[in-house]
Amino acid sequence: MLFLSILLFGNPLIGSFLLSLLMIRLCLLKSVKYTTLTVALSVVFLFWVGLTTSHEIAITDKNVQETIKVYPDMINVDGDRFRTVAKSPTIARKVIYYARFESLSQKRAIINSSKPLLLSINGERRMISPATNMNQFDMRDYYQHQKIYETFSIGTITTIHPVNKLSLIDIIHMVRFQFDRYCDGLPKTLRIYSMGLISGNRENDFFTEMTGAQQLGLLHIFSISGMHVYYFLTILDQVLTLLGIGDRFKAIVKLCCLGGYFIFSGGSPGLLRAVVMAGIVIVSQLLGFKMSQLSALSLTLIVNLFLLPEAMFMMSVQLSYGLAFGLIASSKMTYLRQTVLLNLLSLPILLFHLYEWHVLSLAVNLMVLPLFGRTIFPLVIFGLLFGLVSSKLAIPVEWILMAFNRSLNMVGRLPGMIVFGKPQLVVVLLMLGLTLIVMIHSKKRVRGYKVILAGLYLVTFIWIHFPIHGEVSMFDVGQGDSFLIRTPFNQSVTIIDTGGKVTFNQQQWRRVTENYQANRISINYLKSIGISRIDNICISHQDADHCGDLPAFIKELKIKRIIIPLGMDQNPGFVKRLSGKDPATVVMPVNDEFRVGGLPLIIFHPYQPGKGENHDSEVLGGRFGGLNWLFTGDLDRQGEMDTLQRHPSLRTDVIKVGHHGSRTSSDPAFISQIQPKIALISAGRHNRYHHPNEETLTTLKREHIRVLNTQKSGMVRYVYRNNNGFFESMLGHNEGKNE
């Protein structure tokens, strides 16, 4: 079933290969019983997948009117925006609903209700948009693995009514909401730990406070899973024993409570494994037969695949099953050996999804895991109970948790983070297979496999970090600019602009949490290809859509030089973005007379100091893969003509069209003289400025210039070696070879 899932929803080639291995295994067993059972189960699974998987055509429905039930604990609020997942009465499945509060009173009416609400709404329903950048987190895939396919943009909320007739599920959601509200009154660290470990709710400050756990790969202990289910069932068992309830009835009660616990703890796909497996063990005890842990895990996987056939493509589920299997396989090992092998088992999964690993994570896991299970988790429970009596009683617990968390954060800041990059899926499977062989076989027989495994990691690292090709990439950052120029073997890495969002003054209650999209787009891509340092960041000018995400680059990556237009270093607004930069990072104001060593670009503009406005934009040019490239920032028409007058021999093959295709740039005389063959346009979909302008597109068409636009193509890459290369786009096909 798992291999069929890979074949149908993942990689058909790998799925076919794994199925072939299974067929060979069945033939070698020569067992009619096992072969018949395997074939029968596969047929049933295929039929079930065909019956339950959505095959609807991706369409957009406008002016849809619905009345949805919204649970108070499932509403995620950020400023004047909120998001929730609810079942659509129109299409009878879960949909992600997005909306903006129309007023502060409406916001209070929705977020302060302890009961489920019935919202009468109208708006637009559409399929979830796919990722538009390479190696970007794909929200469509993430939710599709959970059988959620659409989003609904709420235009108007016409009525808000509380649900009067409550079901058991409604009551569980209300209890969860009240628990989270109770946690809001606890000291900060205790609140974060309590909500993360008990109700599975992570508020906006969770990741800002838990930086050490993120850096050291410890977030899995905050994902409600087997340990939490074990604690829940243990506490429940103790309570039922004190009440004098017999073992058989006790098992029935625990089985019933597992479903409620699953809902109360957030119902994540990763938690489903732990809950189903615990339920299977309880049922086997009730029926009076012994079931091995491996059999229970296998049966759990079968149930999970029937419920969510694509679940195994999610990192949380992969870690949940991988670590559960690892615990079973290493149950007779020493604690040290077991922890080392479990970390090795999770490492390929983490690298495939997160691209980096801290060398101290293994040592920290060795120390923290037993401490967490025996001390931290019980402390959180005691803190919750103390808080019921008085919040002051919970303060000592807060101090201990704060010291523990600060220690993790301090260790996480120590040197040792290795940006490994994203290994290929087939390599990840090989790493997992070799690790399992090392776990299962005796010490004497695994030495050769250890050498092969270590060699595989080393070769993969070298292959990622020293590629034989270079690239020029235009990221899809919406309404903004961001480009990467990477030469072969990563000899030089240059970023031109960082992208960013333009913000406007808003009332306090409307302000959303500041976040940088570069973390999930350009920086994420850089880490996926093994880049942790940047030689040059060239900022064309001061506008937020070109340099707004610079602080994210400063925080996440090592930067050698930040190159800006002459005079922009005197702009207080821009200088604020440089706060927090490493003292070793050099800020270089330049004009067209500068030649910067290590910068694979020529500076053509500006030629006099300015404030960093559009007409002061840096114009950069270079030759990569047999093509001449020109990047013009937001330079206006007058600046274009001034640049030509100063550099009359300027010509290019590829031009980054100025100001996102606005009519204020791309003067016809300028375009005609520089003679580009390809035009790159970076602009947001449905942007308020209506970029690119029709006049600009007409100018480009008149000159027979091929246009590549992020609105249609997503991220665009030119991959080259020596003087040959080809364009490819995230949302399109191979764009053709450069001859």
To the closest 0.5 Å, what do you measure between CG (Asn343) and CG (Leu366)?
7.0 Å
How about Thr494 and Asn536: does a side-chain donor come under 3.5 Å of a side-chain acceptor?
yes
All heavy atoms of Met277 vs all of Gln293, minimum pair found to be CE-O, 3.6 Å
For Phe404 and Phe372, take the angle between the two ring planes, folded into 0 to 90°, and tell me which bin it lands in: parallel under 30, tilted 30 to 60, perpendicular over 60.
tilted
Mind checking whether Tyr718 and Phe727 have parallel, tilted or perpendicular rings, split at 30° and 60°?
tilted
If you measure from CG on Leu362 to CH2 on Trp357, what distance do you get to the nearest 0.5 Å?
6.5 Å
Should we count CZ of Arg25 as having more than 12 external heavy atoms under 6.0 Å?
no
For the residue pair Ile349 and Gln318, what are the closest heavy atoms and their distance?
CG2-OE1, 3.4 Å
Heavy-atom pair of closest approach, residues Ser473 and Arg717
OG-CG, 3.1 Å
Matching residue for Pro269 among Gln146, His145, Met312 - test: side chain to side chain contact (heavy atoms under 4.5 Å, CB included)
Gln146
Assess, by modelled atom type and distance only, whether the side chains of Asn135 and Tyr355 contain a donor and an acceptor separated by less than 3.5 Å.
no
Answer yes if the side chains of Arg486 and Asn490 hold a donor-acceptor pair under 3.5 Å, and no otherwise.
yes
Step through the shown structure and confirm whether more than 12 heavy atoms of other residues, nucleotides or ligands are within 6.0 Å of CZ on Arg721.
no
If we check side chain to side chain contact (heavy atoms under 4.5 Å, CB included) with Leu453, which of these qualifies: Ile437, Leu430, Leu434?
Leu434
Counting only heavy atoms not in Tyr335, do more than 12 fall under 6.0 Å of its OH?
yes
Given the rule in the side-chain contact (heavy atoms from CB on, under 4.5 Å) test, do Leu297 and Arg273 qualify, once you have shown the distances and angles that lead to the verdict?
CA-CA 8 Å; Leu297 182 64; Arg273 193 276 311 165; 4.1 Å; yes
Knowing that exactly one of Tyr525, Tyr142, Tyr143 qualifies, which makes a ring-ring contact (aromatic ring centres under 6.0 Å, His included) with Phe137?
Tyr142
If only side-chain N and O atoms count, and only distance matters, is there a donor-acceptor pair under 3.5 Å linking Asn365 with Thr339?
no
Measure the spacing between CZ of Arg577 and CG of Asp549 and express it to the nearest 0.5 Å.
9.0 Å
Once rounded to the nearest 0.5 Å, what's the spacing between atom CE of Met431 and atom CG of Leu351?
6.5 Å
Phe624 and Tyr720 aromatic ring geometry - parallel, tilted or perpendicular at 30°/60° bounds
tilted
